[in-house]
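Below is one structure, written out as structure tokens; comments come after it.
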Amino acid sequence: MNTTRAPRSDARANRAGILDAARTALATDPYASVDVIARAAGLSRRTLYGHFDDRDALIRELIVTGAQRFNTIAESVTDTDARLALARLAARLWQEAAHVQFAAVLALDETHVEHTADALAPLRRAVSDLVRRGQDDGSFRTDLTAPTLARLIEEMARTVVTRTDAASAGAADLAVRTVLSIAGLSWREADGLLATHPDIVEVAE
């Protein structure tokens with residue numbers, strides 16, 4: 001007989017409340033303590049520890065839930081033109097990251113980068129497949145291997161997310177152009193692509 005029970009509704013509500021409170025608290029202070037997060041959730045420190053072993057465990061849970069959203073975005077890009085697909089993927093990912101930039105910065109911190117990489121495995125595969133497609137049809141640079149180029153795109157995206165003010169004018173445009181540049185497009189080619197498809201960046205602003 002299966003004796004495993006689903007979490008009680010109040011336990012699920014408490015866990016969800018902790019995660020919401022953590023997002024809010026960390027957006028104000030990336031170094032917010034467990035005590036601050038628990039108070040924001042209207043719960044005791046002891047109750048919080050009943051759901052998460054420590055602060056890092058809580059942050060890892062935030063990373064996993066955020067990664068699921070990024071992985072879903074990767075699945076949503078269906079352009080057959082590799083250049084368009086990369087631009088649209090960069091714009092949509094930026095839009096999501098900009099709304100939760102504090103979480104993106106935490107996720108990309110060296111302390112959590114390995115866990116983040118595992119959680120984002122579907123997205124990373126999508127970027128790698130896209131790079132190979134672009135190289136095969138001549139859209140992207142071929143002086144680098146596909147895995148190396150995909151990694152460069154990933155690292156550049158990481159730098160843009162952590163170093164750019166998400167609220168600044170033209171931030172999404174910068175993010176998209178940076179990724180296209182690493183892929184091998186000239187600034188004129190990027191200009192032409194985005195001028196023909198202005199919706200790509202407009203949606204992300």
Side-chain angles (χ1 to χ4, degrees), residues 59-60 62-164 166 170-187 189-194 196-205:
I59 290 176
R60 287 195 296 272
L62 289 175
I63 289 171
V64 168
T65 56
Q68 290 170 347
R69 295 174 67 93
F70 286 125
N71 293 332
T72 298
I73 288 171
E75 294 175 358
S76 74
V77 176
T78 58
D79 298 271
T80 56
D81 184 325
R83 300 168 308 157
L84 276 178
L86 182 60
R88 200 177 306 280
L89 177 60
R92 290 181 181 176
L93 291 175
W94 172 260
Q95 182 181 28
E96 180 65 26
H99 289 161
V100 289
Q101 192 171 26
F102 75 93
V105 171
L106 283 173
L108 295 173
D109 181 83
E110 291 300 328
T111 305
H112 305 288
V113 69
E114 185 174 347
H115 182 73
T116 301
D118 290 340
L120 290 174
L123 170 59
R124 300 179 87 186
R125 284 195 297 271
V127 172
S128 183
D129 291 344
L130 180 54
V131 165
R132 287 191 179 88
R133 179 151 59 91
Q135 287 183 326
D136 288 344
D137 67 19
S139 299
F140 298 159
R141 60 193 299 174
T142 55
D143 59 323
L144 300 172
T145 64
T148 299
L149 182 54
R151 182 59 184 269
L152 282 175
I153 289 173
E154 179 183 333
E155 289 299 318
M156 183 54 65
R158 172 182 174 179
T159 300
V160 171
V161 167
T162 56
R163 300 297 177 87
T164 304
D173 184 74
L174 172 62
V176 173
R177 288 174 183 275
T178 300
V179 168
L180 291 176
S181 175
I182 294 299
L185 275 69
S186 70
W187 67 267
E189 290 171 324
D191 257 353
L193 186 72
L194 297 178
T196 306
H197 301 274
D199 60 296
I200 290 177
V201 173
E202 287 173 358
V203 170
E205 291 290 5

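Values below: all heavy atoms of this structure, side chains included; hydrogens, waters and symmetry mates excluded.
- Rounded to the nearest 0.5 Å, atoms OG1 (Thr116) and CD1 (Ile63) are 4.0 Å apart.
- No side-chain donor-acceptor contact under 3.5 Å links Ser128 and Arg124.
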Arg177 and Asp191: CA distance, side-chain angles, deciding distance, side-chain contact (heavy atoms from CB on, under 4.5 Å) verdict: CA-CA 8 Å; Arg177 288 174 183 275; Asp191 257 353; 2.8 Å; yes
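- For Arg133, there are no salt bridge (charged side-chain N to carboxylate O under 4.0 Å, His left out) partners two or more places apart in sequence or in a different chain.
- One finds a salt bridge joining Glu155 and Arg151 here, because a Lys/Arg side-chain nitrogen approaches an Asp/Glu carboxylate oxygen to under 4.0 Å.
- Put simply, the side chain of Thr145 does not reach to within 4.5 Å of the side chain of Gln135, judged on heavy atoms.
- Looking at Gln95, its side chain never comes within 3.5 Å of a backbone N or O of Ala172 through a donor-acceptor pair.
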Assess whether side-chain contact (heavy atoms from CB on, under 4.5 Å) is satisfied between Val176 and Trp94, documenting all intermediate values. CA-CA 8 Å; Val176 173; Trp94 172 260; 6.0 Å; no
Intermediate values then yes/no, side-chain contact (heavy atoms from CB on, under 4.5 Å), Glu154 and Val127: CA-CA 8 Å; Glu154 179 183 333; Val127 172; over 6 Å; no
Carefully, step by step, assess Phe140 and Arg132 under the rule side-chain contact (heavy atoms from CB on, under 4.5 Å). CA-CA 9 Å; Phe140 298 159; Arg132 287 191 179 88; over 6 Å; no
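- Within the 3.5 Å criterion, the main-chain N or O of Asp81 finds no donor-acceptor partner in the side chain of Asp79.
- Across all their heavy atoms, Ala87 and Leu193 have their closest contact at CB-CD2, 4.2 Å.
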